[in-house]
Amino acid sequence: MDIRLKFGLRVKELRLERKLSQEALANLAGIDRTYMPGIEKGLRNVSIIVIEKLAIALKVELNELF
């Protein structure tokens with residue numbers, strides 16, 4: 001499985017555990033709401049900056065995203 005898809009599925013799993021919509025998570029992370037579906041589907045090659053923003057928004061350590 002592609003690393004981008006693995007990462008996206010993990011983000012989705014954590015988002016759903018927290019009962020957040022894609023839009024809510026994007027707002028918390030300070031990223032565009034239209035970017036989230038691409039991340040979760042593994043279509044985006046996410047930068048380390050965005051990964052950090054997602055970790056902060058999801059209230060997890062970076063290693064918990066992987």
Side-chain angles (χ1 to χ4, degrees):
M1 183 182 297
D2 185 285
I3 187 68
R4 292 172 298 181
L5 181 55
K6 286 181 184 179
F7 179 78
L9 291 174
R10 180 65 176 147
V11 169
K12 183 177 183 177
E13 176 184 30
L14 292 168
R15 176 179 64 78
L16 292 175
E17 284 177 8
R18 285 151 183 77
K19 297 180 179 14
L20 294 169
S21 66
Q22 288 180 338
E23 185 173 1
L25 178 55
N27 287 335
L28 288 171
I31 61 177
D32 192 277
R33 65 175 176 77
T34 62
Y35 196 55
M36 283 305 304
I39 292 172
E40 290 186 357
K41 292 177 183 175
L43 302 174
R44 298 288 186 162
N45 192 17
V46 185
S47 72
I48 193 70
I49 302 294
V50 172
I51 292 171
E52 181 183 44
K53 288 179 176 186
L54 289 169
I56 291 167
L58 290 165
K59 298 179 182 169
V60 296
E61 297 293 323
L62 283 173
N63 65 328
E64 292 179 71
L65 284 175
F66 297 96

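For L20 against R15, the heavy-atom pair with the smallest separation is O-NH1, 2.8 Å. In terms of heavy-atom proximity, K59 sits nearest to R18 at O-NH2, 4.4 Å.
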Contacts table for residues 26-39: side-chain donor-acceptor under 3.5 angstrom, sequence neighbours left out:
{"residue": "N27", "atom": "ND2", "partner": "E23", "partner atom": "O", "Å": "3.4"}
{"residue": "D32", "atom": "OD1", "partner": "T34", "partner atom": "N", "Å": "2.8"}
{"residue": "D32", "atom": "OD1", "partner": "T34", "partner atom": "OG1", "Å": "2.3"}

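A donor-acceptor pair is defined here as one N or O able to donate and one able to accept, closer than 3.5 Å; such a pair exists between the side chain of R10 and the backbone of E64.
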Worksheet item: Could you go step by step and tell me if L9 and M1 meet the side chain to side chain contact (heavy atoms under 4.5 Å, CB included) rule?
Response: CA-CA 11 Å; L9 291 174; M1 183 182 297; 4.0 Å; yes
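Linking Ile, Leu, Val, Met, Phe, Trp and Tyr residues whenever their side-chain heavy atoms come within less than 4.5 Å places F66 and V11 in a single cluster. In the hydrophobic clustering of this structure, L62 groups with I48; members are Ile, Leu, Val, Met, Phe, Trp, Tyr whose side-chain heavy atoms approach within less than 4.5 Å, directly or through other members.
Atom NZ of residue K41 and atom CG of residue L5 lie 11.5 Å apart, to the nearest 0.5 angstrom. Atom NZ of K12 and atom CZ of F7 lie 14.5 Å apart (nearest 0.5 Å). Taking CD1 of I49 as the reference point, atom NZ of K53 lies at 7.5 Å (rounded to 0.5 Å). Between the CG atom of L25 and the CG atom of L58 there is a distance of 5.0 Å, given to the nearest 0.5 Å.
The shortest side-chain heavy-atom distance between R4 and N45 falls under the 4.5 Å cut-off.
Within 6.0 Å of the CD atom in E61, the count of heavy atoms belonging to other residues, nucleotides or ligands does not exceed 12.
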